[in-house]
Amino acid sequence: MSSDNSANEARHWAKTRNLTIWILVVWFIFSFVVHLFAKGLNGMSFIGFPVGYYFAVQGSLIIFVALIVVQNLLQDKIDDEAGLRGE
Amino acid sequence: MKGNFIDNLPKIYGLYTGGFIIFILLMALFEQLGMGADTIGILFVAFTILIYAGIGYLSRTMQVAAYYVAGREVPPVFNGMATAADWMSGASFVALAGGIYFGGHGYLAFVVGWTGGYVLVNSLMAPYLRKFGCYTVPDFIGTRYGGNLARLIAVVVLVVASFTYVTAQINASGTIAARALQIDFAYGVWFGLLGILLCSMLGGMRAVTWTQVAQYIVLIIAYLVPVIWMSNVQGFGIIPHFSYGDAVIRIGELEPVLGVGEAATESFPGRRILTNLHNAPGDAMAGWKFITLAFCMMAGTASLPHILMRYFTTPSVRAARVSVGWSLFFIFLLYFTAPALATLTKLQLLDPELATAVIGKAVEEVQNLTWVQKWTNVGMLAVSDSNGDGIVQINEFFMRPDIVVLATPEIAGLPAVISGLVAAGGLAAAMSTADGLLLAIANALSHDLYYKIIDPKADTRIRLIVARVLLIVIGVIAALVASLQLTGILGAVAWAFCFACSGLFFPLVLGVWWKRANRPGAIAGMVLGFLAGSLYLWYVRTGGTPILGIDHLRFGMVGMPVSLIAMIVVSLATEEPDEETQRMVDATRVPSGRAILRAEH
């Protein structure tokens, strides 16, 4: 394996890692932080739901699905740019 | 023919779905013509099991790659459905809504935990394990860290976690089969096992994949139809999911009026009165308990081998990622319905302005309701006038949490065909999860223990025969344990997640994300994490006071930190992995190129 190749792979991995960290930060907020403040959030209302409750039954779940879709799109871009697209 | 099959999948499962809907309509017609509810229940269960068995038979194989990873040709959408069925157990289907009904906000940690875990699966695990090209989870541990000891320990953790889980699923299959077919529970368990083995034995992962897709379609129809129908009949909106906020607020207003929280003065075994408020998030301790439970369930999701191995069956790394997205979407459809179901059912029972209300009605009137009588007769419900005033109070209405889903159609006055549908759905959920778990255990024992450790020269025929014999043996042992009925369904499920994350989470994650992780570190991480978690469980279950609110549902909170620290300390104290291993880790991180392990190994 030439050094060009491994430099490319190292760049690819650095980008992959950064993306993963960002995804996990968002995941952390909607998995834990919002639920710690559920009581306060319940004072507000979203489409008729108390907000703290809404996050536990629907909001966090929708964000998890979206998070995976977004991560996959961005990861596809990272892979394609590095020419490392799998078949 | 093979390529044809994959190309024709949408058509095949489209026809299947249409056929199932026609079957439901036919049953509804028979009901109108006077067929009894019992016969309809039997037909639902028998018809669906027959179809699964047919798919299992058609998918038989004698090829190693087809048996272990379905030939790695499962398209992402279908793998998503199969994973969703694999994932959603009898507990999700039957017990989740009941848990929310009785548990209030604290219980919603399960809903968040059992969905958020897929973000971890996608970002930390699935694509890399797919690139690795392993057949089983211990296959990854054994190859990444090298040596039979690491592989063997991974097998042990896998077997303990999965076995805890599978007994609960066989128990659930048995319960549903027994009720629908009107046979004894003891026979129901064996009948359930027979159905489960028919789906998996001849075709291994290939057969399980295609039956799980079929089972997902049945279970999601069976979960959504009654909720949406009930919502329309009772005037809660066409699609209740986005409009039940008012019901949540209304319950909050009714709770103090009805005296929710008052203790019962009588007790009925297995049945509970409603004491938890529907939406009351509580203090800092309650918040801590919420997030620790959610985290254990998430890390457990990302370590449970029967889930991870589903992503070994996709054609590529990219397809593996796409299929995680589909998995969570298909799971989401059920998980965002369960709280709606729990809320609307509760409102129907509590709100005196609704015709279905039971609280505040005359005791005699409630005791004469058909659905109340039916569930009282089987010991799952009780209405008792404890204070003798002739009116049903909130602390005089006793119900087993599991029956919320099963009784909802009857409370709302839906036709009996819906109850048959729900039984078929619950059975599909329990069977599909049991199949995945049994296969995960048997494959680890046949591939990792027998082939990799005991007899590496065994030929294909012998390997696949051993795999099948193990499948039957483990199924029989699990059914024997299930027939003892040791724990409630949900206790055992949460334990499986905690066992898995205590022993496997960090060795799997760090295997990809930390090149410096080495064999002694991984062994220490698995052994000490698993032991610490198990000992703590033993401590709590034998009467020890939970430390910091970490009870038996969350013992992964003890196992995981021990595992992480042990793995880092021991890895750093010993030699770094050799160059070959480090190159292997580099190659795992690159999505293109050949898999680390040969296609047939």
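Throughout, protein chains are lettered first and strands after them, A, B, ... in sequence-line order, and every chain is numbered starting at 1.
Chain B forms the most heavy-atom pairs under 4.5 Å with one residue out of A/Thr20, A/Ile68, A/Asn42, and that residue is A/Ile68. Ranked by heavy-atom pairs under 4.5 Å with chain B, the list A/Leu41, A/Val65, A/Leu61 is led by A/Leu61. Ranked by heavy-atom pairs under 4.5 Å with chain A, the list B/Phe242, B/Trp288, B/Phe329 is led by B/Phe242.
The CD1 atom of B/Ile249 lies 11.0 Å from the OH atom of A/Tyr53; values are rounded to the nearest 0.5 Å. The distance from the CD1 atom of A/Ile23 to the CG atom of B/Leu124 is 11.0 Å, given to the nearest 0.5 Å. Note: A/His35 NE2 to B/Leu293 CG = 11.5 Å, rounded to the nearest 0.5 Å. Atom CZ in A/Arg17 sits 8.0 Å away from atom CZ in B/Arg589 (nearest 0.5 Å). How far CG of B/Leu108 is from OG of A/Ser60: 10.5 Å, rounded to the nearest 0.5 Å. Rounding to the nearest 0.5 Å gives a distance of 9.0 Å between CZ of A/Phe64 and CG of B/Leu120.
Heavy-atom distances place the side chain of B/Thr343, and not its backbone, under 4.5 Å from chain A. Only the side chain of B/Val248 comes within less than 4.5 Å of a heavy atom in chain A; its backbone stays farther off. The contact between A/Val57 and chain B is made by backbone and side chain atoms together, counting heavy-atom distances below 4.5 Å.
Residues A/Asn72 and B/Arg321 approach most closely at ND2-O, 3.1 Å, considering heavy atoms.
Atom CD1 of B/Ile239 sits in a sparse spot, with 12 or fewer heavy atoms from other residues, nucleotides or ligands closer than 6.0 Å.
Using bins of under 30°, 30° to 60° and over 60° for the plane-to-plane angle, the ring pair A/Phe32/B/Phe295 lands in the perpendicular bin. Between B/Tyr128 and A/Trp13, the ring planes lie perpendicular to each other; the angle is over 60°, past the 30° to 60° tilted range.
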